[in-house]
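Notes for the one structure printed next.
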Amino acid sequence: MKFSAVKGMRDVYPEDARLRNYILDAWRRVSLRNGFEEYDAPILEYLELFTVKSGPEIAEQLFGLTDRGGRNLAIRPEITPSLARMVAAKINALPRPIKWFSLPRLCRAERPQRGRLREFFQWNVDVIGVESVQADAECIFTLVDFLREVGLSPAEIMVRVGSRPIVLSLLRREGVCEEAMDKALLALDKRQKIPAEAFEAMLREIGVSAGAIAGLCEFLDTPPERIVQRIADSGLPGAEKEIADLQELESALAAMGVKEYIAFDLHIVRGLAYYTGVVYEAIAAGERAVAGGGRYDRLLELVGGPECPATGFGMGDVVLGLLLAEKGKLPPELTAGSLEFYVIDAEEGTFRQVLDITARLRAAGRSADYGFKRQGMGKQLKEADRRGSKFAVLVRREGLSVKTLATGEQTETTAETFLEKIR
RNA sequence: GUGGCUGUAGCUCAGUUGGUUAGAGCAUCUGGUUGUGGUCCAGAGGGUCGUGGGUUCAAAUCCCAUCAGCCACCCCA
């Protein structure tokens, strides 16, 4: 073969498209029922929109191009900067709260590996213009609502919730200086994946005492159901508001009935520095994070807008697809096509009636198909089965039969009464 | 970006110490049978052995490069 798909980008055959549509449909359905409205943005943006948020190094990680006017453009690696730009542009005209979602196709020029491709879809859910932690609760609830929708249980996936400012305050109290803060956050993020000694070594390297490390570990290991109270009791300096927020978040999520999916966990810090409050990730054993998000109150200012609170999360389709397949959560109709009626000429000379009936089924909005080739009824029924059809319509010169493929049940009727019942 | 593993039909693989026209199952297509289905039978198509060099009388098999996939880092918006 002369050509193949570009590295990290995949061809979407019908069976792949069925999976992808299943995911996108569920994302959209859940978003809408939680009161979010859909938006989209251009697939190309000025390169600077991304570098202003993530630093100039980010340019290496994305697909860039120069247009004929010499402008530096990039295929969007995320949609949040576009969202910030769009909201900032109409900030005074938009009714609050702004609850928006999007299902953008994104590209990142990273090295592909399991669960990470260079082109993918990502569900984004954001609430903008609301300072209250209730906005964070709303996003987290929507995330859990989706997990339930696709049949993932708390035993299979949990949303781990942390707080950037609380962690910062805690680390400061344990003697981490501001310059070493990034390294400390990195160590925290890695703690679950590396040996205890390696974690301690990382903290000692930035000057944290052995006693402080032990105290920190003991604090971090507080069970999720008690840690919020423990944080409140410890009265971390400078984080009073965030502590109250975390308590409010815990009680809001409990009131919304999603408690069993939530685990408060200060190891969750998220990579980018732009998070300013609550942060969270949906984590399933054995996979990279399925979703991640948090509060980012400074982003609108970064793109030249006014000061405006914002919070939200993103979820990629690749890891999610792997997880659903692994856990056997994909509906069976995804493996076969789905068709309602397969129309068969059960007697010679009835092909014109097959065409007529098929066309009228389609006109009535039902999915119907027939074979291009005239062959025996056995082969046609086999084809109906292979197509995943629900019913076979057997057309005779006088009357027709409607056969339910799954049960083999068959009812006799006439073309007119059949079509009458259909509409 | 760094390191490692892998690469034979659409898929899963076989292919003896390098040695004639590279095989199987599944899938696909065709025909037959069952003649209202999930069978069964027969046949066919499909591979320049990822690609390009090199060693050799001879390379799927050995060497180098390159591409792609996977794994671990980096990163994860």
Side-chain angles (χ1 to χ4, degrees), chain A residues 1-11 13-15 45 49-55 57-62 74-84 104 106-118 120 122 124 126 182 185-186 189-190 193-194 198 268-275 279 281 283 286-294 296 299 302 312-316 318-319 322 336 342 344-348 371 373 375-396 400-412:
Chain A
M1 200 69 98
K2 196 171 176 182
F3 296 107
S4 62
V6 170
K7 176 182 173 129
M9 311 216 164
R10 282 203 303 200
D11 295 324
Y13 288 90
E15 54 178 315
E45 291 278 4
L49 180 67
F50 303 117
T51 55
V52 78
K53 175 191 158 202
S54 307
E57 323 78 57
I58 199 75
E60 317 255 318
Q61 305 243 46
L62 40 78
I75 300 177
R76 60 188 179 192
E78 57 171 330
I79 201 172
T80 314
S82 307
L83 169 67
L106 308 176
C107 291
R108 298 176 183 176
E110 292 178 298
R111 188 158 188 158
Q113 50 182 276
R114 180 184 156 84
R116 186 198 277 180
L117 299 174
R118 290 181 156 191
F120 55 94
Q122 188 183 68
N124 278 77
D126 293 276
D182 284 355
L185 291 173
L186 186 69
D189 185 51
K190 290 212 178 308
K193 298 175 217 156
I194 61 176
I268 303 298
V269 295
R270 304 284 300 157
L272 265 264
Y274 86 114
Y275 285 110
V279 286
E281 290 181 348
I283 298 175
E287 293 286 355
R288 60 182 78 240
V290 174
Y296 54 96
L299 186 60
L302 272 178
F313 70 87
M315 175 188 287
V318 182
V319 178
L322 287 172
Y342 194 82
I344 291 169
D345 48 341
E347 280 178 2
E348 254 177 70
K373 207 168 38 180
Q375 48 186 4
M377 210 191 315
K379 285 251 154 99
Q380 291 191 75
L381 275 162
K382 192 174 169 172
E383 180 65 10
D385 185 52
R386 195 182 67 82
R387 292 287 299 277
S389 185
K390 252 177 108 178
F391 303 103
V393 180
L394 309 179
V395 182
R396 287 190 211 76
L400 57 72
S401 311
V402 179
K403 187 181 178 80
T404 308
L405 274 304
T407 61
E409 273 177 90
Q410 193 166 318
T411 55
E412 308 303 316

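Note that the coordinates shown come from a computational prediction; the quantities given were computed from them, not determined experimentally. Chain naming here is simple, since letters A, B, ... match the order of the sequence lines and numbering starts at 1 in each.
Residues A:Gln380 and A:Asp345 bring a donor and an acceptor atom of their side chains to less than 3.5 Å of each other.
Spacing between atom NZ of A:Lys382 and atom C1' of B:G31 amounts to 12 Å, rounded to whole angstrom units. For A:Asp189 and B:C75, the CG to P distance is 9 Å, given to the nearest whole Å. Whole-Å rounding puts the A:Glu383 CD to B:U34 P distance at 21 Å.
A distance of about 15 Å separates the P atoms of B:U33 and B:A42, rounded to the whole Å. Rounded to a whole angstrom, the distance from the P atom of B:U39 to that of B:C26 is 12 Å.
Between A:Lys373 and B:U30 there is a side-chain polar atom (N or O) within less than 4.0 angstrom of OP1 or OP2. OP1 or OP2 of B:C74 sits under 4.0 Å from a side-chain N or O of A:Lys190. In terms of phosphate contacts, A:Lys7 brings a side-chain nitrogen or oxygen within less than 4.0 Å of OP1 or OP2 of B:A68.
A:Ile344 comes within 4.0 angstrom of no nucleic acid atom, judged by non-hydrogen atoms across all strands. Residue contacts for A:Glu60: at a heavy-atom cut-off of 4.0 Å it reaches no nucleic acid atom on any strand shown. Nucleic acid contact class of A:Gly408 (heavy atoms, under 4.0 Å, all strands): base. Here A:Arg396 lies in heavy-atom contact (under 4.0 Å) with a base. Nucleic acid contact class of A:Leu394 (heavy atoms, under 4.0 Å, all strands): base. Using a 4.0 Å heavy-atom criterion, one finds that A:Gly316 contacts no nucleic acid atom at all.
Counting only heavy atoms from C-beta on, A:Gln113 has its side chain closest to B:C71 among B:A77, B:U36, B:C71. If you check B:G37, B:G69, B:A77 against the side chain of A:Pro112, the one that comes closest is B:G69. With B:G32, B:A77, B:G37 as the candidates, the nucleotide lying closest to the side chain of A:Leu381 is B:G37. Comparing B:C71, B:A77, B:U36 against the side chain of A:Ser401 picks out B:U36 as the nearest. Here B:A77 is the nucleotide among B:A77, B:C76, B:G37 with the atom lying nearest to any side-chain atom of A:Ser54.
RNA chain B is contacted by both A:Gly8 and A:Ala109; A:Gly8 maps to the nucleotide lying nearer its 5′ end (nearest heavy atom per residue).
The partner of B:U21 is absent, by the rule that a Watson-Crick or G-U pair needs both atom distances under 3.5 Å. Partner assigned to B:C62 is B:G54, using Watson-Crick or G-U wobble distances below 3.5 angstrom. B:A44 is paired with B:U28 under the Watson-Crick or G-U wobble criterion, all donor-acceptor distances under 3.5 Å. B:U2: Watson-Crick or G-U partner is B:A72, with both key distances under 3.5 Å.
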Stepwise, does the side chain to side chain contact (heavy atoms under 4.5 Å, CB included) test hold for A:Thr80 with A:Tyr296? CA-CA 10 Å; A:Thr80 314; A:Tyr296 54 96; 3.7 Å; yes
Nucleotides 2-6 of chain B: which of its N/O atoms have a protein N/O under 3.5 Å away?
| residue | atom | partner | partner atom | Å |
| --- | --- | --- | --- | --- |
| B:U2 | O4 | A:Arg111 | NH1 | 2.8 |

